[in-house]
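As structure tokens, the structure follows; a few thoughts come after it.
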Amino acid sequence: MTFCTNGVLLRTLLGNLEALENITHIIVDEVHERDKMSDFLLTVLRESLSKFPRLKLILMSATMET
């Protein structure tokens with residue numbers, strides 16, 4: 001299990017998308033806090049789901065307001 005920021009995960013994936021081969025789950029917390037980096041990360045992850053069928057993407061948000 002590894003904890004990292006959105007930015008660290010995004011840099012890892014942009015440098016080597018094959019890093020997802022050994023990962024089964026990615027949990028992205030605070031998805032309601034939208035910015036360019038998190039939106040780009042979600043786009044990269046969404047496109048990766050078809051390449052890596054074992055990968056499960058879990059999006060979390062604790063806010064009551066959207």
Side-chain angles (χ1 to χ4, degrees):
M1 183 179 299
T2 301
F3 293 93
C4 65
T5 64
N6 289 348
V8 170
L9 179 57
L10 183 58
R11 271 181 282 165
T12 300
L13 297 179
L14 291 179
N16 180 18
L17 195 58
E18 301 304 317
L20 292 175
E21 287 181 347
N22 298 321
I23 296 175
T24 59
H25 293 75
I26 294 178
I27 301 171
V28 180
D29 195 13
E30 304 293 338
V31 293
H32 65 277
E33 295 181 6
R34 308 266 315 267
D35 61 13
K36 290 179 186 177
M37 189 176 329
S38 64
D39 286 352
F40 188 56
L41 172 64
L42 292 177
T43 301
V44 170
L45 290 173
R46 183 183 64 196
E47 292 174 358
S48 300
L49 291 174
S50 61
K51 280 182 129 179
F52 302 96
R54 289 184 25 202
L55 182 63
K56 305 296 182 217
L57 179 59
I58 302 166
L59 306 177
M60 297 179 13
S61 176
T63 186
M64 295 297 286
E65 298 177 25
T66 57

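S61 and V31 get closest at one heavy-atom pair: CB-CG2, 4.0 Å. Summarising the geometry of R54 relative to E21, their closest heavy-atom pair is NH1-O, 4.1 Å, with the distance given to 0.1 Å.
Put simply, the side chain of S38 never gets that close to the backbone of R34: no donor and acceptor are under 3.5 Å apart.
Cluster annotation: F52 is connected to L57 through the hydrophobic network of ILVMFWY side chains, with a link wherever side-chain heavy atoms come within less than 4.5 Å. Under the 4.5 Å side-chain contact rule for hydrophobic residues, V8 and I23 do not share a cluster.
Side-chain atoms of F40 and L14, non-hydrogen and from C-beta on, do get closer than 4.5 Å to each other. Between M60 and V28, the closest side-chain pair of non-hydrogen atoms is not below 4.5 Å. Residues L17 and V44 form a side-chain contact, since some pair of their non-hydrogen atoms from C-beta on lies under 4.5 Å apart. The shortest side-chain heavy-atom distance between L9 and L13 falls under the 4.5 Å cut-off. The shortest side-chain heavy-atom distance between R46 and T43 falls under the 4.5 Å cut-off. Between L42 and L59 the shortest side-chain heavy-atom distance falls below 4.5 Å. With contacts defined as side-chain heavy-atom distances shorter than 4.5 Å, the pair L20/I26 qualifies.
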